[in-house]
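Structure, as structure tokens:
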Protein chains: 2
Amino acid sequence: MENHEHRLDLAFTALADPTRRAIVARLCRGDATVGELAQPFQIGLPTLLKHIHVLQRGGLIASAKTGRVRTCSLTPAGLRSTDDWLRAHIASWDSRLDRLETHLSRIARDRSQDD
Amino acid sequence: MENHEHRLDLAFTALADPTRRAIVARLCRGDATVGELAQPFQIGLPTLLKHIHVLQRGGLIASAKTGRVRTCSLTPAGLRSTDDWLRAHIASWDSRLDRLETHLSRIARDRSQDD
DNA sequence: TGCATACTTCGCCACATGGAAAACCATGAG
DNA sequence: CTCATGGTTTTCCATGTGGCGAAGTATGCA
């Protein structure tokens with residue numbers, strides 16, 4: 001079984017490219033075929049195919065082929081897992097700040113009592 | 001001024017490495033010097049320095065040197081900007097699903113009225 | 001059967017990345 | 001001044017990435 005950390009690597013890596021983020025943004029508005037995804041960008045199909053594979057490895061999208069067209073769709077769980085990591089650490093930072101504040105205010109209170 | 005999209009590239013790229021995410025996680029619990037950050041990992045200082053630079057380019061951390069020690073600290077705005085992108089698109093996906101659901105239920109209702 | 005369509009794979013290239021070793025500052029302690 | 005300490009820079013290497021063109025594969029239509 002693949003490590004959970006490694007999954008995050010692949011997800012963040014997938015999101016680190018503007019073309020791939022645009023693909024994700026596009027798929028938020030509905031499924032699309034490979035050809036439809038390629039249209040807005042000035043890149044060749046082979047390149048776009050690689051982007052799609054990177055997004056799949058990162059668990060952000062899924063795709064299935066019917067006939068000769070491949071339809072891609074968003075996998076919201078992929079976005080959520082990266083978001084979970086971020087929110088957890090933002091929360092961690094915030095709570096640390098809170099502890100620091102209460103600590104400082106307690107010191108201030110104690111000192112004012114010393115006067 | 002650097003493009004906003006490019007900023008996201010750098011931020012996501014910075015988070016795409018497990019060592020760098022560990023550094024961010026460490027800094028959530030308080031500032032640390034370069035040496036302190038290096039300790040938990042089995043990597044050389046030069047490599048860690050590069051990671052620090054990548055994190056700085058991504059706007060995730062800041063660092064200042066006093067004497068011969070450099071102290072690194074988290075820049076929460078960096079985490080927030082990436083989180084903003086994710087949450088916006090997760091929301092976009094959710095609202096699209098909602099529209100789809102209401103649309104389907106409306107069709108179902110209309111059809112039941114046809115009976 | 002023939003042919004266009006829609007991907008897909010296959011090299012190939014230029015460049016970025018993660019890693020280490022070694023040599024190089026700069027500062028604080030004696 | 002001398003030297004250990006804490007970073008920093010330089011150089012190098014193996015691997016990965018984004019891009020392309022060309023060729024290959026598999027449908028679907030006529």
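Side chains are part of it too, since the values below use all heavy atoms of this structure and drop only hydrogens, waters and symmetry mates. Within every chain, numbering begins at 1; the chains are lettered A, B, ... in the order of the sequence lines, protein sequences first and strands thereafter.
Looking at B/Thr82 and B/Leu8, their side chains come closer than 4.5 Å, going by heavy atoms from C-beta outward. Under the 4.5 Å side-chain criterion, counting only non-hydrogen atoms from C-beta, A/Val69 is not in contact with A/Val34. Counting only heavy atoms from C-beta outward, the side chains of A/Thr47 and A/Thr19 never approach each other to under 4.5 Å.
For the contact set between residues 40-60 of chain B and DNA chain C, defined by any heavy atom under 4.0 Å, the members are B/Gln42, B/Ile43, B/Gly44, B/Pro46, B/Thr47, B/Lys50, B/His51, B/Arg57. Residues from residues 62-75 of chain A that place a heavy atom under 4.0 Å from any atom of DNA chain C, listed by number: A/Lys65, A/Arg68, A/Val69, A/Arg70.
Atom CZ of B/Phe12 is separated from atom CG of A/Asp17 by 11.5 Å, given to the nearest 0.5 angstrom.
Within the structure, ring-ring contact (aromatic ring centres under 6.0 Å, His included) contacts touching residues 17-42 of chain B (residues at least two apart or in different chains) do not occur. For residues 26-44 of chain A, there are no side chain to side chain donor-acceptor pair (under 3.5 Å) pairs, not counting sequence neighbours.
Between chain B and DNA chain D, the heavy-atom contact criterion of under 4.0 Å yields a 5' to 3' nucleotide range of D/dA4 to D/dT9.
Aromatic rings of B/His89 and B/Trp85 (six-membered ring for Trp) have centroids within the 6.0 Å cut-off, being under it.
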Show me, pair by pair, the donor-acceptor contacts under 3.5 angstrom made by side chains of residues 51-62 of chain A, not counting sequence neighbours?
from    : atom 1 : to      : atom 2 : distance (Å)
A/His51 : ND1    : A/Arg20 : NH1    : 3.1
A/His53 : ND1    : A/Leu49 : O      : 3.4
A/Gln56 : NE2    : A/Ser63 : OG     : 2.4

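Hydrophobic cluster membership is shared by A/Ile90 and B/Ile90, with clusters built from Ile, Leu, Val, Met, Phe, Trp and Tyr side chains linked at under 4.5 angstrom. The cluster map of Ile, Leu, Val, Met, Phe, Trp and Tyr, joined by side-chain heavy atoms under 4.5 Å apart, puts B/Leu86 and B/Leu15 in the same cluster.
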